[in-house]
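Inspection log for the structure reproduced underneath, given as structure tokens.
Note on naming: letters A, B, ... go to the chains in the order of the sequence lines (proteins, then strands), and numbering restarts at 1 for each one.
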Amino acid sequence: MAYDQQLQERFYELRNTIRQQLFSHLNVEQFKAVETGAGPVLCLAGAGSGKTMAMVNRILHLYIFGPIYNARPELSHGLNQEEIELMENWLKNSEEMGTRTLSPQVMRLINMEGIQPRSILAITFTNKAAEEMQSRLEALLGEKAREIWVMTFHKACVRILRREITALGYSSDFTIYDDYDHLQVIKKAIASLNLDDKKFTPRAISSLISRYKCELKEPADVLKKALDFWQEKGVQVYELYQKELKKNNALDFDDLITLTVKLFSEHQDVLEKYQKRFLYIMVDEYQDTNHAQYRLVNLLAEKHNNIFVVGDDDQSIYSFRQADIRNILEFERDFSRATLIKLECNYRSTQRILTAANEVIKNNTGRKQKVLWTQNPEGELLIQYRAADEKDEARFIGEKIFELGDKGSSYQDCAVLIRTNAQSRALEERFMKTGIPYRIFGGQKFYERMEIKDIMGYLKLLVNPSDSVSLRRIINVPRRGIGEATIQKIEGFAVEQGLSLYEAVDKYTEIDKSSKALKEAAGFVRFMEKIKEEAKDISITALTEKILTETGYIEGLTKDNTIESQSRLENLKEFLTVTNDYDEKTSEPSMSDFLSQICLVSDLDSYEDEQNTVTIMTMHMAKGLEFSNIFIGGLEEGIFPHSRSLMDDELEEERRLCYVALTRAKERIYLIYAKQRNLFGRRSYNLPSRFLEEIPLGLWEEYKRVSTFFETSYEANATSSKGTALMLDYVLGDKVEHKKWGQGVIVGTSGQGEEIELQVAFPGMGIKTVLARYAPLQKVQ
DNA sequence: ATCTTACCGATTTTT
DNA sequence: TCGGTAAGAT
């Protein structure tokens with residue numbers, strides 16, 4: 001055998017050993033997922049099974065070794081002994097030191113027929129997941145990683161549509177309507193069809209439209225079908241709604257997906273362009289795809305069939321947003337010869353937590369068989385607590401958080417998961433009183449705040465003058481004395497003349513100058529035109545500031561000088577830091593890009609775990625996160641499972657939600673239910689949740705509050721060990737210093753014994769109620 | 001045009 | 001209970 005051939009044999013052998021070594025930190029299943037490069041793959045990844053690890057490494061594997069791991073690509077040049085030694089040395093070194101970073105020389109040697117990063121499309125559902133994956137890819141691939149499209153469905157679609165949407169008769173400056181804007185259009189459509197808005201609620205119509213869109217059905221497709229009166233009218237609203245959106249050159253969230261599908265279906269050339277580009281497609285959280293997203297992925301993948309989807313049918317909790325669990329259950333039917341890989345080894349939770357989760361989810365039918373296991377220790381028993389009411393529930397949670405603190409947990413290791421946002425109230429009150437730092441996610445979102453929507457209305461209208469929803473929003477904000485009657489008049493004119501609302505304001509105010517309102521409206525258009533001119537030379541931040549001052553928006557809020565107006569000003573300041581960030585970090589800033597970016601983020605995207613606070617959030621929002629200690633509140637029939645799900649036969653989804661909640665925990669779980677709780681202002685008595693019964697005895701123990709006598713001494717101990725200022729007598733008028741709020745004055749006291757409450761007035765922050773026992777207060781002379 | 005009061009209705013919401 | 005919306009008063 002020739003010497004060259006021996007070298008070659010040695011080279012291939014070494015290359016494969018290096019390959020194994022590079023991924024030696026993965027388990028067998030993860031490695032299989034990583035090295036299966038070509039063809040369709042369904043990866044069922046249980047909670048905490050390291051699926052991001054698998055996805056990221058799979059991309060690395062594709063990049064270095066190409067799609068077929070045991071292929072022997074032709075060598076383009078001869079080999080010499082030195083090169084072989086280089087590889088041997090790397091291996092030796094790696095085995096000894098445990099490093100897995102390739103030197104550039106070794107990389108150059110073994111990287112043959114690897115896949116170009118720009119040919120990879122990796123789809124996630126949240127920006128957070130995308131960012132996480134992106135940064136891990138950059139750590140592995142360096143610069144090259146930026147060429148991979150790692151983004152959400154919606155972002156990818158916006159990118160494609162900005163380039164191609166003219167083929168569908170929209171302009172590429174289209175506006176994205178968020179949920180709120182979308183409801184405005186629906187309301188208008190309902191009104192113009194003279195429908196009874198008691199029967200046709202915007203919410204119901206919205207979900208009807210969304211359902212049709214996700215099924216890729218246009219109004220015309222549905223109209224022929226047999227429909228009852230309500231549905232028939234609903235479709236008419238849908239038709240009108242869609243026309244209005246197009247007139248406004250606006251897309252709603254669903255449109256981003258469905259119009260991309262439409263584009264690909266109707267324009268073969270465009271589809272082929274993207275098929276050619278994206279040779280390898282990966283989809284995260286596949287169980288959450290709806291039909292439109294499923295079509296989109298299939299269209300892109302059907303040419304090369306290199307599609308890798310990861311998901312967990314047991315974590316499908318978004319069916320109310322049209323996520324279709326069948327997409328995952330029937331993947332193997334859709335793609336013949338699909339490889340099935342199950343990741344069942346969990347790296348997150350204790351065995352006991354996993355057993356509890358497995359036992360609960362076992363009660364669901366029609367799922368892919370999957371049992372999580374772990375090498376982690378057995379762990380502590382789950383704790384169950386029967387609270388007297390929601391206040392007692394909050395108190396229990398607060399106390400346990402303090403106790404965990406003594407055991408070495410920080411606040412950020414604790415999360416309270418709830419079913420509905422309304423449950424956060426009692427918790428917030430208690431945490432506030434006892435000085436537990438917390439963050440609540442959910443409820444009013446930053447970009448949905450009035451002042452933010454107002455300023456965005458101005459910006460949107462500048463980019464897209466056809467956007468009549470934004471125009472309507474801001475034409476009288478701040479007050480210009482332009483009311484509904486004036487707008488109606490102009491709107492009539494617009495319809496008559498076939499103009500956009502903005503053009504109509506401009507033209508009509510030239511003809512009719514009869515009222516003060518119309519003069520103001522003319523001034524508004526002049527202002528917008530002036531700003532549009534000036535916008536050309538200044539940054540988005542400068543432009544935003546200009547609008548806020550020149551309209552008198554800031555001035556109005558400053559004059560109000562209420563707590564509310566102050567917080568609005570704060571929010572606007574915050575918005576300006578967002579624009580500033582964008583101005584600085586973007587190479588080619590553009591307003592429409594900025595606006596779509598903002599539309600597509602959620603508050604959770606800004607979640608930073610560096611902050612040492614307890615997290616309160618819904619179980620839905622907690623998906624994908626993990627905490628050492630999880631408290632699940634409101635485990636009562638009617639709350640969780642939610643009463644609505646009991647009626648609508650959606651118990652299995654609730655159970656999946658419970659599974660998601662349980663599998664967030666690394667070490668401890670506290671399960672709390674209350675005998676009674678205030679619900680909608682009335683007291684209600686609920687049975688303990690069925691999910692509690694589904695966790696077998698032996699996995700949990702009940703926490704029982706000891707008798708009053710012991711309770712008192714117990715609490716006194718807890719207090720003294722904390723060293724709070726309990727023993728100090730507070731007197732009205734005393735000056736105190738609070739850790740977070742600074743100096744304040746005691747303006748009231750109430751309660752007795754352990755539960756003495758103080759009302760403290762903090763300048764500029766109003767009056768706060770705190771529990772003397774817990775609050776980080778100190779008397780000031 | 002805008003402020004005030006009475007009513008209704010009330011999950012979850014990656015984008 | 002609270003918050004958002006729709007009709008009535010100024």
Practice task
Identify whether any heavy atom of Lys445(A) sits under 4.0 Å from a base atom; if not, whether one sits that close to sugar-phosphate; answer base, sugar-phosphate or nothing.
Solution key: sugar-phosphate
Problem - Parallel, tilted or perpendicular: rings of Phe320(A) and Tyr318(A) (30°, 60°) - result: tilted
Handout entry: Sugar-phosphate only, base, or nothing, as touched by Glu650(A) at under 4.0 Å among non-hydrogen atoms
Key = base
Exercise for the section: Using the six-membered ring of Tyr607(A), assess whether NZ or CZ of Arg439(A) lies under 6.0 Å from its centre and within 45 degrees of the ring axis. Expected result: yes
Handout entry: chain A contact limits on DNA chain B, taken 5' to 3' with a cut-off of 4.0 angstrom to heavy atoms
Key = dA1(B) to dT15(B)
Exercise for the section: Just call it for Asn476(A): base, sugar-phosphate, or nothing, with non-hydrogen atoms closer than 4.0 Å on any strand. Expected result: sugar-phosphate
Handout entry: Heavy-atom check, side chain of Arg677(A) versus side chain of Arg683(A), under 4.5 Å
Key = no
Handout entry: Sugar-phosphate, base or nothing in reach of Ile176(A), heavy atoms under 4.0 Å
Key = nothing
Handout entry: Main-chain N/O of Phe174(A) paired to Arg162(A) side chain as donor or acceptor, under 3.5 Å
Key = yes
Exercise for the section: For Asn127(A) and for Asn421(A), find the nucleotide of DNA chain B with the closest heavy atom, then tell me which residue's nucleotide is more 5'. Expected result: Asn421(A)
Exercise for the section: Tell me whether dT11(B) sits syn or anti, counting syn as a glycosidic angle within 90° of 0. Expected result: syn
Problem - Distance, rounded to the nearest Å, where Glu428(A) contributes CD and dT1(C) contributes P - result: 18 Å
Handout entry: Heavy-atom side-chain proximity of Asp255(A) to Gln242(A) below 4.5 angstrom
Key = yes
Practice task
Just call it for Met619(A): base, sugar-phosphate, or nothing, with non-hydrogen atoms closer than 4.0 Å on any strand.
Solution key: nothing
Exercise for the section: Mind checking Arg419(A) for me? I need base, sugar-phosphate or nothing, with any heavy atom below 4.0 Å counting as a touch. Expected result: base
Handout entry: Touch class at under 4.0 angstrom, heavy-atom based, for Phe153(A) against every strand present
Key = nothing
Fill in the blank from the handout: With B for base contact, S for sugar-phosphate-only contact and - for none (protein heavy atoms under 4.0 Å), nucleotides 4-10 of chain C reads -S-----
Problem - Ile176(A) CD1 to Asn464(A) CG distance, which is reported to the nearest 0.5 Å - result: 11.5 Å
Exercise for the section: Could you tell me whether Ala517(A) contacts a base, only the sugar-phosphate backbone, or nothing, with contacts defined as non-hydrogen atoms closer than 4.0 Å? Expected result: nothing
Practice task
May I ask you to say what Thr486(A) touches in the nucleic acid, namely base, sugar-phosphate or nothing, with a heavy-atom cut-off under 4.0 Å?
Solution key: sugar-phosphate
Problem - Pair Lys128(A) + Glu132(A), salt bridge at N-O below 4.0 Å - result: no
Exercise for the section: Scan Gly483(A) against the nucleic acid and name what it touches under 4.0 Å (heavy atoms): base, sugar-phosphate only, or nothing. Expected result: sugar-phosphate
Practice task
Identify whether any heavy atom of Asp605(A) sits under 4.0 Å from a base atom; if not, whether one sits that close to sugar-phosphate; answer base, sugar-phosphate or nothing.
Solution key: sugar-phosphate
Completion exercise
Hits for side chain to side chain contact (heavy atoms under 4.5 Å, CB included) against Ala485(A), two or more places apart or cross-chain, chain-then-number order -> none
Practice task
Take Ser645(A) and Thr126(A), find for each the nucleotide of DNA chain B with the closest heavy atom, and name the residue whose nucleotide sits nearer the 5' end.
Solution key: Ser645(A)
Practice task
With Arg348(A) as the cation and Phe627(A) as the aromatic partner, state whether NZ or CZ is under 6.0 Å from the six-membered ring centre and within 45° of the axis.
Solution key: no
Practice task
Measure from NZ or CZ of Lys675(A) to the centre of the six-membered ring of Tyr685(A), then state whether that distance is under 6.0 Å and the direction lies within 45° of the axis.
Solution key: no
Practice task
Using a heavy-atom cut-off of under 4.0 Å over every strand shown, decide if Glu654(A) touches base, sugar-phosphate, or nothing.
Solution key: base
